[in-house]
Structure formats: structure tokens, C-alpha cells
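Note: hydrogens, waters and symmetry copies are ignored here, and every other heavy atom, side chains too, is used.
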Amino acid sequence: MPELPEVETVVRSIAPHIRNRKIERAEFSSHRVTRGGFARTANALAGRTIQDVRRHGKQIWIALDHGFLYVHLGMTGKLLWNAEPTKYTRAVLVLENGTLVYDDVRQFGRVEYFKKVPESLGRVGPDAMQLDFEDFYSRLQRRAGLIKPLLLNQNFLGGVGNIYADELLFAARVHPRTPAARLSKERARKVHRELLEVLRLAIEHRGSSISDYVDGAGNRGAFQQMHNVYGKEGQPCPRCGTPIRRIVLGQRGTHYCPRCQRV
DNA sequence: TCAAATGTTTGATC
DNA sequence: GGATCAAACATTTG
């Protein structure tokens, strides 16, 4: 569920509650989510003060006075402020002023403590909102492969997931199967412009709640109401009326208008 | 019962 | 070595 706009919304909704607050204790219950070990992680966190909460791509880095707490929401992770634990609660941070709860049905997410950012996680590409056009274009030209799978590759660009890849390619009128390096500079510029615009608009609407995404306060987003192609197979294209087509590309459901978006 | 789901990692194969 | 693709992860939902 959570791509850049959803992760950004979560960060904005919890940061004011937890910044500059002390962690009294922490509890963990999923070895899949917390791979560093429960006791080691809890011991490292107890007594620490949260200094900042940052997002890079889909990663959340909670900076402590010593070390970092890394959170990735995976497919079904939720960070909730002062929520009641459920059967899917995998981690709980008890702060001096309240409780931060991590719920995750499928356990594809992570909640782990690191003294410093590990090389494997630091390798993620530049944040999608931070990359200027010239960098974006030069990176595009150096890549083989098709534009949509490339946009989803977090080592190429951090933050874009399946929903926003489909929506931004529709906005840019680019077919998802277009070879990335073959995009003209003008079409690449359009992709870059719509990338920023779609993400900005989605953040403004607090993300897309397709199934169960909610922010730190438990509120759903509203951007799903503005989707043009994602999940719209068979429905008329808002621009030309042609039925939206769904194909599988790079193992992901891919939605596009066969008339507006050409290779 | 089968297919699909917003993400990432791993291993196999070009 | 690099890139690409499929499978795997765990669970719910339609």
C-alpha cells in the first residue's frame, strides 16, 4: 500500500507527537519484521530520545540521540499513534507522552535498530521528490529496460510504487513498455514533470487508500478518488474514452490507455 | 478454489 | 559484472 505519498503522510502525522520525546521502553513480537533480535533492539531503544523523523523514498528513518530506528511499511505496515494493539501489532514503542504502534498483517515491513545506516539500505536511489530533471534524464539514459519497471526500481529512484507509476505515465502520455533510454529529452521531461506533480498532488490529498492504508491517526487518504487508470480496467479513459487496458509488466498489474499512451 | 494485492529480496538466467 | 525475470515471503479479499 504505502508509496512515497503515503509514507510522507504517515511521517507528517506522527512526527509532531514523537519528535524530542523519550522512549521509555519497546516491545517486539515478529522476527520477520524485527530482524535484529527483540532484546537487543529493545535494549538499544530504551532511554533514547527521538531527534527527528525523516523519509527517503519509502524508508522512514527515526533519528535517535544514539543510532536510528528504521521503519519500512512494506505492503501492509501501519504506524499508529496511541492506537490499541491488535493481533497484527508487531512492535510497540512506549514514549513519555504516548504510544507508537506498528501493525503489519503480512509482515513484509521492517522495524529495526541500527547504529548507523547500513550499506544495503543506503543504496536506495535518490528520493523521487528531490531529483532534478538533468539527473533524472542522465540516469534514464544509462539504463536498459522499460520505463515502468525502472520507475519501480528503488535503486534507480526511491519512492515510486505501482499506483503512482501507472498514474504518472498516464499523465505524461507515455506507454509503460517504452524503453527508458529511448525516451526523447522532451518526453523524459514530461515524465519527470508529471512524476513530481502526481506525487505532490497525492501528498496534498494524504495518499491513496486502496484497501487498508491509513495515516498515523488512522485516517484514510483521498487520492484514490482521483486515480485515472490504476484499478480502472475496462473503464473509459478520462481523456479519450478508450477502455483502460490492464497488462502484466514486470510481474505487476499495469494500467494504461492504449490510445493516449504510445511507445 | 483461484487470482490478485500498494513491496523487496533472492537466485537463476541471459 | 550487469541487467532482467520469476519466485518467494504471509495474509486477506473478491
Side-chain angles (χ1 to χ4, degrees), chain A residues 1-10 29-35 55-60 70-79 86-90 102-112 118-125 127-128 139-170 176-182 195 198-199 202-203 205-215 220-234 245-255:
Chain A
M1 18 165 33
E3 306 180 29
L4 188 151
E6 290 76 32
V7 178
E8 177 68 20
T9 303
V10 167
S29 56
S30 167
H31 287 289
R32 183 161 294 285
V33 169
T34 305
R35 300 195 175 177
R55 179 192 60 73
H56 182 91
K58 301 170 192 170
Q59 302 176 336
I60 299 171
Y70 167 71
V71 179
H72 194 297
L73 302 174
M75 295 271 270
T76 54
K78 301 177 186 180
L79 270 180
T86 69
K87 63 186 285 199
Y88 301 119
T89 296
R90 316 296 182 184
Y102 180 77
D103 285 6
D104 192 347
V105 171
R106 289 167 73 177
Q107 302 178 79
F108 288 0
R110 294 279 188 285
V111 179
E112 294 184 78
E119 207 266 323
S120 61
L121 294 174
R123 212 165 36 212
V124 71
D127 185 82
R139 289 170 71 84
L140 267 189
Q141 288 187 302
R142 281 186 268 124
R143 289 294 191 136
L146 310 178
I147 184 66
K148 170 162 177 189
L150 188 58
L151 289 171
L152 292 180
N153 181 342
Q154 300 300 297
N155 295 116
F156 174 74
L157 186 67
V160 176
N162 206 32
I163 294 175
Y164 296 104
D166 282 0
E167 292 296 328
L168 80 88
L169 288 174
F170 173 77
R177 253 196 241 281
T178 308
R182 297 253 296 276
L195 165 73
V198 168
L199 294 177
I203 292 170
H205 291 269
R206 305 182 325 281
S208 301
S209 291
I210 293 297
S211 58
D212 55 357
Y213 162 75
V214 291
D215 71 8
R220 289 167 57 82
F223 192 69
Q224 67 279 4
Q225 295 164 23
M226 300 171 72
H227 290 175
N228 288 307
V229 289
Y230 181 82
K232 305 289 186 186
E233 182 183 15
R245 188 169 294 169
R246 180 183 185 278
I247 59 173
V248 174
L249 188 56
Q251 299 179 287
R252 314 301 301 276
T254 295
H255 313 75

Presence of salt bridge, A:R252 and A:D166, under 4.0 angstrom: no
A:N153 CG to B:dT8 P, straight-line distance once rounded to whole Å: 10 Å
Atom CG of A:L73 and atom C1' of B:dA5 are separated, to the nearest Å, by 16 Å
Can a side chain N or O of A:H72 be found less than 4.0 Å away from OP1 or OP2 on B:dG7? no
Nearest-Å distance for atom pair OH/C1', residues A:Y88 and C:dT11: 7 Å
Between P on B:dG7 and CG on A:L121, what's the gap in Å once rounded to a whole number? 17 Å
Comparing nearest nucleotides in DNA chain C, the 5'-proximal residue of the pair A:R142, A:G250 is A:R142
Stacked cation flag A:R110 on A:Y70, 6.0 angstrom / 45 deg: no
Can you measure A:H31 atom NE2 to C:dA10 atom P for me and round it to whole angstrom units? 14 Å
Given that both distances must come in under 3.5 Å, which nucleotide forms a Watson-Crick or G-U wobble pair with B:dT8? C:dA8
Rounded interatomic separation in angstrom, taking NZ from A:K58 and P from B:dT9: 10 Å
How many Å lie between NZ on A:K87 and P on C:dA10, as a whole number? 15 Å
Work out how far the P atom of B:dG11 is from that of C:dA10, and round it to whole angstrom. 16 Å
Check the phosphate of B:dT8 against A:Q154, side-chain N and O only, distance under 4.0 Å to OP1 or OP2. Yes or no? yes
Please determine if a side-chain N or O atom of A:R252 lies less than 4.0 Å away from the OP1 or OP2 oxygen of B:dG7. yes
How close do A:L195 and A:A128 get, counting heavy atoms only, and between which atoms? CD2-O, 4.1 Å
If I take atom CD in residue A:Q107 and atom C1' in nucleotide C:dT12, what distance separates them, rounded to the nearest angstrom? 13 Å
Across every strand shown, the nucleotide meeting Watson-Crick or G-U wobble geometry with B:dT1 (both distances under 3.5 Å) is none
Which atom of A:R139 lies closest to which atom of A:N155, heavy atoms considered: NH2-O, 3.2 Å
Is the shortest heavy-atom distance from the side chain of A:Y102 to the side chain of A:L73 under 4.5 Å? yes
Of A:L152 and A:R246, the one whose closest nucleotide on DNA chain B sits nearer the 5' end is A:R246
When rounded to the nearest 0.5 angstrom, what distance separates OG1 in A:T9 from CD in A:E3? 11.5 Å
Where do N or O atoms of nucleotides 7-9 of chain C meet protein N or O atoms at under 3.5 Å, pair by pair?
{"residue": "C:dA7", "atom": "N7", "partner": "A:Q251", "partner atom": "NE2", "Å": "2.8"}
{"residue": "C:dC9", "atom": "O3'", "partner": "A:R32", "partner atom": "NH1", "Å": "3.4"}
{"residue": "C:dC9", "atom": "O3'", "partner": "A:R32", "partner atom": "NH2", "Å": "3.2"}

Salt bridge check: are A:R35 and A:E112 linked by an N-O gap of less than 4.0 Å? no
